[in-house]
Amino acid sequence: MAMMDGIKKFAIDRAYDYIEHDPEQNVLKLMDMVDKFAGDGPNSFPKQRAVFRQFLHDKDSNWYKLTMRVLEGLDPGLVKKFLSNFILNANLVGWKRQEEIRQKYNCNAPWAILLDPTSACNLHCTGCWAAEYGHKLNLTYDEIDNIITQGKEIGTFFYIYTGGEPLVRKKDIIRLCEKHSDCIFLSFTNATLIDEEFADDMLRVKNFIPAISVEGDKASHDSRRGEGSYDKVVQAMNILKEKKLAFGISTCYTSRNVDMVSSEEYFDRMVDWGALFVWYFHYMPVGNDASPELMPNPQQREHMYHAVRQARQTKPIFAMDFQNDGQYVGGCIAGGRRYLHINANGDVDPCVFIHYSDSNIREKTLIECLTSDLFRAYHDGQPFNENHLRPCPMLENPEKLREIITKTGAKSSDLESTESVEHLCAKCDQYAANWAPKAEELWEEDQQKRKNQQSEA
């Protein structure tokens, strides 16, 4: 198996070397190589590859333009590392191993692991649940190294740093990139600690990609993250773009900024900055000091639903909405189904937004955490709603989270101020009731559209 994977990596490297000199003419040949090694099995993402190939035939499509932005605008070694670590290891190779684990242990096996290197942060943003964690806790280098080593054994080659501000741990993050050169690392970051020296380290290791938090325009961003933070973010993006490094944007949409961060102007600005992707996150009322009034109303959430889908058809940037795109991943992806979260205290949470745990990575192996009562409850309960526009057991189905926590006895893992499951879910009850009718309407429209497309085909 290892020899075959090595042959695949060598072939993809050679294929990229071939197209590097003329990507516009030869990009489909790289796709031929990916198709060849992916095969035709159900776990080889055949539908996704077919759609992507279709777009590559249309030079006027935004997806073709995005592909050219990657192949022509990024450091060639970084692109090659991405193909090897993300496309090959994290997906084509890793997914097969994850399926073996799922079958062997009758549990979830994560495609990605989110972890907090530290609870420390140099900012204190309004409405940020991480601010509840305090500044005193860290996962050691050896602990993170061990998590990654265990993860690779179950087929996980994609690691996402959250926090706190992960770049408080710059040196350890780069060391881990060096040691685990077969993995891809992404970090959510406020970007204020990205400088020339760190960008040079990124260019050297080539397997670290920041997702930079931006909240709209300068006034909106600074009002939440502090005066002057917007200018620091733009400066960081200029450094990354100049060095031909990959980065994306992370945007939390709230009742106050939803129109701004979904506007065509905002999408165009992100492209101009050099961002290749944007992850949108619905504001979650997590923590005793959360602000439920920041939760979007049904009309605002529907607006985001349409705006992100429109951007995916027209803008050369990959836009994702963590909440509204549940229909594309079969509902909730937490609890290890596609990812899990490990906080700076070692507590293993099913979701980065749901801070309850019955396991600690300092006391259990990763497999033992995945087979714990809490994670089995997620495994057995997913999907939590057949309407995948209502995926979450907290936000859209709070009765489900109440049941899970009560049944499993999981405890609050909030590091600063413990929050009862009743206190958390009570903030979501009315929201869930208000969103349900609109979610049903949108779901039915989408299902009918899919049926029409299938009948036409």
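- Listed for the Asn434 side chain is no donor-acceptor partner under 3.5 Å among the backbone atoms of Pro298.
- Remark: side-chain polar atoms of Asn257 are paired, donor with acceptor, to backbone N or O of Cys252 under 3.5 angstrom.
- At distances below 3.5 Å, at least one donor-acceptor pair connects side-chain atoms of Arg337 with backbone N or O atoms of Cys332.
- Proximity of a side-chain donor or acceptor of Arg69 to a complementary backbone N or O of Pro316 within less than 3.5 Å is detected.
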>> Let's go through Asp75 and Lys243 carefully: what are the C-alpha distance in whole Å and the side-chain angles of both, what is the deciding distance for salt bridge (charged side-chain N to carboxylate O under 4.0 Å, His left out) to 0.1 Å, and is it a yes or a no?
In response: CA-CA 8 Å; Asp75 173 75; Lys243 294 182 183 293; over 6 Å; no
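- Side-chain atoms of Ser291 do not come within 3.5 Å of backbone N or O of Glu293 as any donor-acceptor pair.
- At distances below 3.5 Å, at least one donor-acceptor pair connects side-chain atoms of Thr251 with backbone N or O atoms of Val214.
- The minimum heavy-atom distance linking Ser359 with Ser372 is given by the pair OG-CB, 3.5 Å.
- Between the side chain of Gln327 and the backbone N or O of Leu389 there is no donor-acceptor pair closer than 3.5 Å.
- Ring geometry for His282 against Tyr431 counts as perpendicular: the plane angle is over 60°, on a 0 to 90° scale with 30° as the lower cut.
- In this structure, CD1 in Ile160 is found 4.5 Å from CG in Leu114, a value given to the nearest 0.5 Å.
- For the pair Asn108 (side chain) and Gly335 (backbone), a donor-acceptor distance under 3.5 Å is present.
- Within the structure, salt bridge (Lys or Arg N to Asp or Glu O under 4.0 Å) pairs that include any residue of residues 298-314 comprise Arg301-Glu396, Glu302-Lys438, Arg309-Asp325, Arg312-Asp325 (at least two apart or interchain).
- Smallest separation of non-hydrogen atoms from Pro210 and Phe277: O-CZ, 4.1 Å.
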> Does the salt bridge (charged side-chain N to carboxylate O under 4.0 Å, His left out) test come out yes or no for Lys449 and Glu445, once each step is laid out?
Replying inline: CA-CA 6 Å; Lys449 180 179 178 181; Glu445 289 177 359; over 6 Å; no
> Are Gln313 and Asn62 close enough, and set up right, to give a side-chain hydrogen bond (donor to acceptor under 3.5 Å, both in side chains), and what steps lead you there?
Replying inline: CA-CA 7 Å; Gln313 299 300 316; Asn62 60 308; over 6 Å; no
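- For the pair Arg102 and Trp95, the cation-pi criterion (under 6.0 Å, within 45° of the ring axis) is fulfilled.
- Asn91 and Trp111 share a donor-acceptor pair across their side chains, judged by distance under 3.5 Å alone.
- Remark: Lys170 does not engage Glu165 in a salt bridge, criterion side-chain N to carboxylate O under 4.0 Å.
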> When you look at Phe158 and Phe86, which way does the ring-ring contact (aromatic ring centres under 6.0 Å, His included) test go after all the steps?
Replying inline: CA-CA 7 Å; Phe158 188 23; Phe86 186 77; 5.5 Å; yes
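- No side-chain donor-acceptor contact under 3.5 Å links Tyr356 to the backbone of Leu374.
- Summarising the geometry of Asn106 relative to Arg376, their closest heavy-atom pair is O-NH1, 2.7 Å, with the distance given to 0.1 Å.
- With a 6.0 Å radius and a threshold of 12 heavy atoms from other residues, nucleotides or ligands, Glu264 has its CD atom at or below the threshold.
- Between Arg204 and Asp201, at least one side-chain N (NZ, or NE/NH1/NH2) sits under 4.0 Å from a carboxylate O, which counts as a salt bridge.
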>> salt bridge (charged side-chain N to carboxylate O under 4.0 Å, His left out) for Glu419 and Lys427? Distances and angles first, verdict last.
In response: CA-CA 12 Å; Glu419 181 176 27; Lys427 290 178 284 188; 2.6 Å; yes
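- One N or O on the side chain of Asn397 and one on the backbone of Arg390 form a donor-acceptor pair closer than 3.5 Å.
- Going from atom OG of Ser181 over to atom CG of Leu176 covers 12.0 Å, rounded to the nearest 0.5 Å.
- By the 6.0 Å contact criterion, NZ on Lys315 is enclosed, its count of non-hydrogen atoms from other residues, nucleotides or ligands being greater than 12.
- Exactly one of Lys104, Gln103, Gln98, Arg97 qualifies for a side chain to side chain donor-acceptor pair (under 3.5 Å) with Glu100. That residue is Arg97.
- Shortest non-hydrogen contact noted between Tyr305 and Asn324 is N-ND2, 3.4 Å.
- Nearest heavy atom pair, residue Arg402 against residue Ala426, reads NH2-N, 3.6 Å.
- Inter-residue side-chain proximity for Leu245 and Ile239 is flagged as unmet; no heavy-atom pair is nearer than 4.5 Å.
- Residues Arg362 and Asp347 are not paired through a salt bridge, judged by the lack of any N-O separation under 4.0 Å between the basic side chain and the carboxylate.
- Aromatic ring pairs are classed by plane angle as parallel below 30°, tilted from 30° to 60° and perpendicular above 60°; the pair Phe208 and Phe198 is perpendicular.
- Aromatic ring orientation, Tyr378 versus Phe375: tilted (interplanar angle from 30° to 60°).
- Heavy atoms from other residues, nucleotides or ligands lying under 6.0 Å from CD of Gln235 number 12 at most.
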> Going through the distances and angles, do Ile113 and His341 end up as a side-chain contact (heavy atoms from CB on, under 4.5 Å)?
Replying inline: CA-CA 6 Å; Ile113 292 177; His341 172 242; over 6 Å; no
> Please walk me through it: do Trp63 and Phe318 pass ring-ring contact (aromatic ring centres under 6.0 Å, His included)?
Replying inline: CA-CA 8 Å; Trp63 292 101; Phe318 181 41; 5.6 Å; yes
For residues 149-157, dump all side-chain donor-acceptor pairs below 3.5 Å to protein atoms at least two apart in sequence or in another chain.
{"unit_1": "Thr149", "atom_1": "OG1", "unit_2": "Asp145", "atom_2": "O", "d": "2.9"}
{"unit_1": "Gln150", "atom_1": "OE1", "unit_2": "Leu366", "atom_2": "N", "d": "2.7"}
{"unit_1": "Gln150", "atom_1": "NE2", "unit_2": "Asn146", "atom_2": "OD1", "d": "2.7"}
{"unit_1": "Lys152", "atom_1": "NZ", "unit_2": "His180", "atom_2": "ND1", "d": "2.9"}
{"unit_1": "Lys152", "atom_1": "NZ", "unit_2": "Asp182", "atom_2": "OD1", "d": "3.1"}
{"unit_1": "Lys152", "atom_1": "NZ", "unit_2": "Asp182", "atom_2": "OD2", "d": "3.4"}
{"unit_1": "Thr156", "atom_1": "OG1", "unit_2": "Pro110", "atom_2": "O", "d": "2.6"}

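- At a cut-off of 3.5 Å, with distance as the only test, no side-chain donor of Ser213 or Asn190 sits close to an acceptor on the other residue.
- Side-chain atoms of Asp358 and Thr408 form no donor-acceptor pair, as typed in the model, at a separation below 3.5 Å.
- Under a 4.0 Å N-O distance rule, the pair Arg175/Asp172 qualifies as a salt bridge.
- Heavy atoms only, all atoms of each residue included: Val329 and Ile333 are closest at CG2-CG2, 3.5 Å.
- In this structure, a donor-acceptor pair under 3.5 Å is present between the side chains of Ser262 and His303.
- Ring-plane geometry between Phe322 and Tyr339 is classed as perpendicular, the angle between the planes exceeding 60 degrees on a 0 to 90 degree scale with a lower cut at 30.
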